[in-house]
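Structure record follows, encoded as C-alpha cells.
These values consider heavy atoms only, across backbone and side chains, with no hydrogens, waters or symmetry-generated copies.
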Amino acid sequence: MPIVTPRLGCAIVAGCLACGPALEVDARAEVARIEAVAHGLMAADNARDADRVMALYAPDAVMLPPGEPPVEGIAALRPRYEAFLRTHEPALAFTIEETVVVGDLAYVRGRTGGTIRGPEGAERAIDDVFLMVLRRLDGGWKISRLMFHPVSEDGA
C-alpha cells in the first residue's frame, strides 16, 4: 500500500480512508526515515564530505545529471563527487514536494536552490528540480537513482 506525502507533509496511506492511529504513525516514521536520507545528502554536499555522501548511496546507484551520460555505480560516483567537492563550495537548500513509499521502494521529489562557488570563485545560482529514488537495503534506505535538472531551459 503506497504512502504519499504532499507538500503539507502529512502522511496519507493511499487506498485506506479509515486507517488506525498505529498505521498513520508507522507511515509518518517511514517517510521521516526516507526524507532523512535526502536531508543527509544535502548536508553532506554542503559540508563537502564525500564519505558521508557515498554512505547514502546504494552500491548500484545511478545518477542522471542533465546533459551528461548516466553515472553508474559507487565506483563511478565516488571520483565524480570527490572532484566536485574538492573544487566547488555548495551552499544549497531544498524543498521536498512529495514523498511516496511502496514497499521497499520510495521516491522523493522536490526543488533545490542556492549557490555553488566554482574553482575561480564565481558563484552560480542553482534552481533545480530533482527526483530521488530510494531502495530499502539492510534495514535502511539508500539512494538508488538521482535525477535532476535546472528549472529553466538555459540552465540559469
Does Arg33 reach the main-chain N or O of Gly140 with its side chain, forming a donor-acceptor pair under 3.5 Å?
-> no
Rounded to the nearest 0.5 Å, what's the gap from CD on Glu98 to CG on Leu131? Could you check?
-> 8.5 Å
CG/Leu137 to CD1/Ile143 distance, rounded to the nearest 0.5 angstrom?
-> 11.5 Å
So, do Phe84 and Val53 sit near enough that their side-chain heavy atoms are less than 4.5 Å apart?
-> no
For the pair Lys142 (side chain) and Val37 (backbone), establish whether a donor and an acceptor sit closer than 3.5 Å, ignoring hydrogens and angles.
-> no
Candidate pair His88 and Arg124, rule side chain to side chain contact (heavy atoms under 4.5 Å, CB included), full reasoning = CA-CA 10 Å; His88 292 76; Arg124 178 171 50 104; 5.5 Å; no
CG/Asp128 to CE/Met147 distance, rounded to the nearest 0.5 angstrom?
-> 13.5 Å
Summary of ring-ring contact (aromatic ring centres under 6.0 Å, His included) pairs that have at least one residue in residues 95-130, sequence neighbours excluded | Phe94-Phe130
Would Arg52 and Asp45 count as a salt bridge (charged side-chain N to carboxylate O under 4.0 Å, His left out) if you check the C-alpha gap in whole Å, the side-chain angles of each, and the deciding distance to 0.1 Å?
-> CA-CA 9 Å; Arg52 275 178 42 204; Asp45 281 347; over 6 Å; no
Could you go through the side chain to side chain contact (heavy atoms under 4.5 Å, CB included) check for Glu89 and Thr115 one step at a time?
-> CA-CA 8 Å; Glu89 295 177 43; Thr115 60; over 6 Å; no
Look at the side chain of Arg135 and the backbone N and O of Asp104, then say whether any donor-acceptor pair between them is shorter than 3.5 Å.
-> no
Going through the distances and angles, do His39 and Ile96 end up as a side chain to side chain contact (heavy atoms under 4.5 Å, CB included)?
-> CA-CA 9 Å; His39 287 287; Ile96 293 175; 3.9 Å; yes
Examine distances only and state if a side-chain atom of Arg48 and a backbone atom of Leu85 form a donor-acceptor pair shorter than 3.5 Å.
-> yes
Tell me, do Met63 and Tyr57 make a side-chain contact under 4.5 Å, heavy atoms counted?
-> yes
With a 4.5 Å limit on heavy-atom distance, are the side chains of Phe148 and Thr112 in contact?
-> no
Common cluster, Met132/Leu105, ILVMFWY with side-chain heavy-atom separation under 4.5 Å | no
Looking only at heavy atoms, what is the nearest atom pair of Pro90 and Asn46, with distance?
-> O-OD1, 3.2 Å
Partner set under salt bridge (Lys or Arg N to Asp or Glu O under 4.0 Å) for Glu68, not counting sequence neighbours = Arg80
